[in-house]
Amino acid sequence: MADIERHHTNQRMSQIVTHNGTVYLAGQVGTAGASVAQQTQDCLDKIDALLAEVGSDKTRILQAVIWLDSMSDFAEMNDVWDAWVATGHAPARACGEAKLARPDLTVEIIVTAAL
């Protein structure tokens, strides 16, 4: 049986969970109140750092789920996303509109990656 490892854990959640060669990240958000582009970049920077912490990187992302406060921000978010995604390594991806945890957040990104 493969071990489950949890990192940056509190009572509510872990930022990283690894199991059986797969990395699961909690939803990442950016600087509250910043532009959609800046919040997207903040999310991606956090994802890069968390994946690196467990020996993975953005070329190993299997799936991404992106939540936007408003689909009117889709193009602005995609400009940042498209510049960040490694050529030839685009993950399976979904993007939808959802009310986020706080009104000053516009983007949340959840990824699953291979180790």
Side-chain angles (χ1 to χ4, degrees):
M1 180 179 285
D3 288 334
I4 298 172
E5 294 184 20
R6 301 173 199 281
H7 305 265
H8 308 289
T9 301
N10 62 32
Q11 181 62 30
R12 179 172 295 157
M13 62 190 283
S14 297
Q15 288 296 315
I16 308 168
V17 176
T18 61
H19 176 259
N20 205 25
T22 305
V23 181
Y24 304 88
L25 297 186
Q28 300 303 306
V29 297
T31 303
S35 69
V36 171
Q38 185 60 56
Q39 287 193 40
T40 302
Q41 189 62 58
D42 292 347
C43 293
L44 299 175
D45 291 346
K46 290 177 181 181
I47 289 166
D48 281 333
L50 291 168
L51 290 174
E53 186 176 326
V54 293
S56 188
D57 63 56
K58 67 184 174 183
T59 68
R60 313 238 344 125
I61 295 175
L62 304 169
Q63 181 180 47
V65 178
I66 302 170
W67 294 115
L68 297 174
D69 181 57
S70 171
M71 288 306 290
S72 65
D73 296 329
F74 188 67
E76 185 176 352
M77 178 277 300
N78 272 328
D79 286 344
V80 178
W81 174 270
D82 291 346
W84 175 80
V85 167
T87 302
H89 297 279
R93 191 186 102 163
C95 183
E97 182 176 289
K99 191 162 228 33
L100 300 179
R102 295 191 330 249
D104 52 356
L105 296 174
T106 57
V107 181
E108 182 169 355
I109 303 176
I110 306 161
V111 302
T112 303
L115 279 172

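For reference, positions follow the sequence shown, starting with 1.
Put simply, CD on Q15 and CG on L25 are 8.0 Å apart, with the number rounded to the nearest 0.5 Å. Rounded to the nearest 0.5 angstrom, T18 OG1 and Y24 OH are separated by 9.5 Å. Here L51 contributes atom CG and D57 contributes atom CG; the two are 7.0 Å apart, rounded to the nearest 0.5 Å. Interatomic distance, CD1 of I61 versus CZ of R93, reported as 11.5 Å (0.5 Å rounding). With values rounded to the nearest 0.5 angstrom, L50 atom CG is found 6.0 Å from H8 atom NE2.
Remark: the backbone N or O of T106 is paired with a side-chain donor or acceptor of Q39 at under 3.5 angstrom. Proximity of a side-chain donor or acceptor of E108 to a complementary backbone N or O of W67 within less than 3.5 Å is not detected. Judged by distance alone, the side chain of K46 and the main-chain N or O of V29 form a donor-acceptor pair under 3.5 Å. D42 contributes a side-chain N or O that, together with a main-chain N or O of T31, makes up a donor-acceptor pair within less than 3.5 Å. In this structure, Q63 contributes its side chain and T112 its backbone to no donor-acceptor pair below 3.5 Å. Counting only distance, with no hydrogens or angles, the side chain of R60 and the backbone of L115 share a donor-acceptor pair below 3.5 Å.
The two residues N10 and R12 have their closest heavy-atom pair at OD1-N, 2.7 Å. The shortest heavy-atom contact between G30 and C43 is N-SG, 3.6 Å. Across every non-hydrogen atom of V85 and A90, the tightest pair is CG1-CA, 3.8 Å. Nearest approach of A114 to S56, heavy atoms of both residues: O-OG, 2.6 Å. Taking every heavy atom of both residues into account, A32 and D104 meet most closely at CB-OD2, 3.1 Å. Of all the heavy atoms in A26 and S14, the pair that sits closest is CB-O, 3.5 Å.
Residues I110 and I47 fall into different hydrophobic clusters, defined by Ile, Leu, Val, Met, Phe, Trp and Tyr side chains chained together at heavy-atom separations under 4.5 Å. M77 and V65 are assigned to two separate hydrophobic clusters, defined by single-linkage of ILVMFWY side chains at heavy-atom distances under 4.5 Å. Hydrophobic cluster membership differs between L68 and L100, with clusters built from Ile, Leu, Val, Met, Phe, Trp and Tyr side chains linked at under 4.5 angstrom. Hydrophobic clustering (side-chain heavy atoms under 4.5 Å, transitive across Ile, Leu, Val, Met, Phe, Trp, Tyr) groups W81 together with F74. Under a hydrophobic clustering in which Ile, Leu, Val, Met, Phe, Trp and Tyr are joined whenever their side-chain heavy atoms come within less than 4.5 Å, directly or via other members, M13 and V23 fall into different clusters.
Put simply, the side chain of T22 does not reach to within 4.5 Å of the side chain of H19, judged on heavy atoms.
Tested against W84 for a side-chain hydrogen bond (donor to acceptor under 3.5 Å, both in side chains), the candidates D79, T40, D48 yield a single pass: D48.
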Does the side chain to side chain contact (heavy atoms under 4.5 Å, CB included) test come out yes or no for L105 and D69, once each step is laid out? CA-CA 7 Å; L105 296 174; D69 181 57; over 6 Å; no

